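Only a predicted model underlies this, so the values are computations on that prediction, with no experimental measurement involved.
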Amino acid sequence: LGLVATSVFGQEPPAVSLNPIAEPYSGPALMKQVVAAIQRHRSVSAKIRHRTDLFGQQLVGSGLYLQQQSTRGLQVRFSLSLKAGDQPAHLLHVCDGRYLWMSDNLDGNQRLSRLDLPTIRRAEKEQGGGPYSYSLGGGLPRLLVNLQRSFAVASPQAVTFQEVPMWALALRWHPQRLRELVPDANLVDEQGRIKTDELPPQFPDRVFLLVGQDDLFPYHIDFRRTESDRGLAVVDARSPSRSVATMELFEVQYNAAIDP
């Protein structure tokens, strides 16, 4: 069990066990199905457990995720209550399909802002995109589309997580996509290997997903950073890695009425 979990997740994996069944999907084909599955639902609601470890500061919290289709587009509400040591903090993102309102006090100062998403996405398209803004206001569907677009997906492994059959997926950056998103950083060598030692310390270079075998929902999303002094041409499970940000979703409900 330990060997299997480490081969999928690197260091500090969730408690998973291997299911001896054949995988019917390639990694890219399964990722395509995951994206399609979450886009089919009229609404999704889920509770969240969240952990972030950035710049030596650990934030642990819980919250709520809601998404709902509407005539204006996807409506999303993402709220987190966090703790950094003894200091409480909050984060709230609300999108009505056009505008994204964001409120937080993560650095001790209260901030409130509003973004016009169509304007931002038109600018992104003209400029070739940006490394983080693709998911703004788009909730889990846009996050998954962004991962599908920007990461290579290894073959899935059938596992059991908290007594639920899951697919475990390991993703790593497409070198060409990383070049496009950060063209001035010289993060890819001539052989197409990512220079993990030159990535910013908070920048993840791999992502691990656990998706339900029955509903293809992403119950566990873990952004990880390889701790290595050499570039990696492929995901190397033996290389030590640390979690940068982890989100677990549970008590998931589909197509229930959500009060706008």
Non-neighbouring partners of Gln110 that pass side chain to side chain contact (heavy atoms under 4.5 Å, CB included), sequence neighbours left out: His90, Ser103, Asn105
Set of residues satisfying side chain to side chain contact (heavy atoms under 4.5 Å, CB included) with respect to Pro118, sequence neighbours excluded: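 If we apply the side chain to side chain contact (heavy atoms under 4.5 Å, CB included) test to Pro118, skipping adjacent residues, the hits are Arg98, Asp116, Arg122.
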Side chains of [X] and [Y] in contact at under 4.5 Å (non-hydrogen atoms):
| X | Y | answer |
| --- | --- | --- |
| Leu115 | Met102 | yes |
| Pro204 | Arg224 | no |
| Val244 | Phe203 | no |

Path from [X] to [Y] over hydrophobic side-chain contacts below 4.5 Å:
| X | Y | value |
| --- | --- | --- |
| Leu216 | Leu143 | yes |
| Leu117 | Leu92 | no |
| Val76 | Trp101 | no |
| Tyr254 | Leu210 | yes |
| Val211 | Val145 | yes |

Rounded to the nearest 0.5 Å, what's the gap from [atom1] on [X] to [atom2] on [Y]? Could you check?
| X | Y | atom1 | atom2 | answer |
| --- | --- | --- | --- | --- |
| Glu248 | Thr246 | CD | OG1 | 7.5 Å |
| Leu140 | Gln39 | CG | CD | 11.5 Å |
| Asp215 | His41 | CG | NE2 | 6.5 Å |
| Gln69 | Asn255 | CD | CG | 10.0 Å |
| Leu30 | Gln148 | CG | CD | 10.5 Å |
| Gln58 | Leu82 | CD | CG | 12.5 Å |

Ring pair (Phe, Tyr, Trp, His ring centres under 6.0 Å) involving Phe223 - partner list, sequence neighbours excluded: none
Would you find a donor on one side and an acceptor on the other, under 3.5 Å apart, between the side chain of [X] and the backbone of [Y]?
| X | Y | value |
| --- | --- | --- |
| Asp205 | Thr226 | yes |
| Ser79 | Gly63 | no |
| Gln75 | Cys95 | no |

Do you know which two heavy atoms are closest between [X] and [Y], and how far apart they sit?
| X | Y | answer |
| --- | --- | --- |
| Leu74 | Gly138 | CD2-O, 3.3 Å |
| Ala46 | Leu64 | O-CD1, 3.3 Å |
| Phe208 | Ala170 | CE2-CB, 3.3 Å |
| Trp167 | Pro156 | CE3-CB, 4.2 Å |
| Lys83 | Pro88 | CG-CA, 4.3 Å |
| Asp222 | Ala245 | OD1-O, 3.5 Å |

Stepwise side-chain contact (heavy atoms from CB on, under 4.5 Å) check, Leu66 with Gln68: CA-CA 7 Å; Leu66 303 172; Gln68 179 172 259; over 6 Å; no
Mutual orientation of the aromatic rings belonging to His220 and Phe161 [parallel < 30°, tilted 30-60°, perpendicular > 60°]: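 Perpendicular.
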All side chain to side chain donor-acceptor pair (under 3.5 Å) counterparts of Gln67, not counting sequence neighbours: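 Side chain to side chain donor-acceptor pair (under 3.5 Å) check on Gln67 returns Tyr65.
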Results of side chain to side chain donor-acceptor pair (under 3.5 Å) for Tyr99 - residues two or more places apart only: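 Per chain and number, Tyr99 pairs via side chain to side chain donor-acceptor pair (under 3.5 Å) with no residue.
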Remaining members of hydrophobic cluster (4.5 Å side-chain criterion), Phe250: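 Cluster partners of Phe250: none, it stands alone.
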Given Val207, Val153, Leu147, the one that forms side chain to side chain contact (heavy atoms under 4.5 Å, CB included) with Leu169: Val153
side-chain contact (heavy atoms from CB on, under 4.5 Å) assessment of His50 paired with Thr52: CA-CA 7 Å; His50 181 82; Thr52 302; 2.6 Å; yes
side-chain contact (heavy atoms from CB on, under 4.5 Å) assessment of Gln213 paired with Val164: CA-CA 8 Å; Gln213 289 187 17; Val164 178; over 6 Å; no
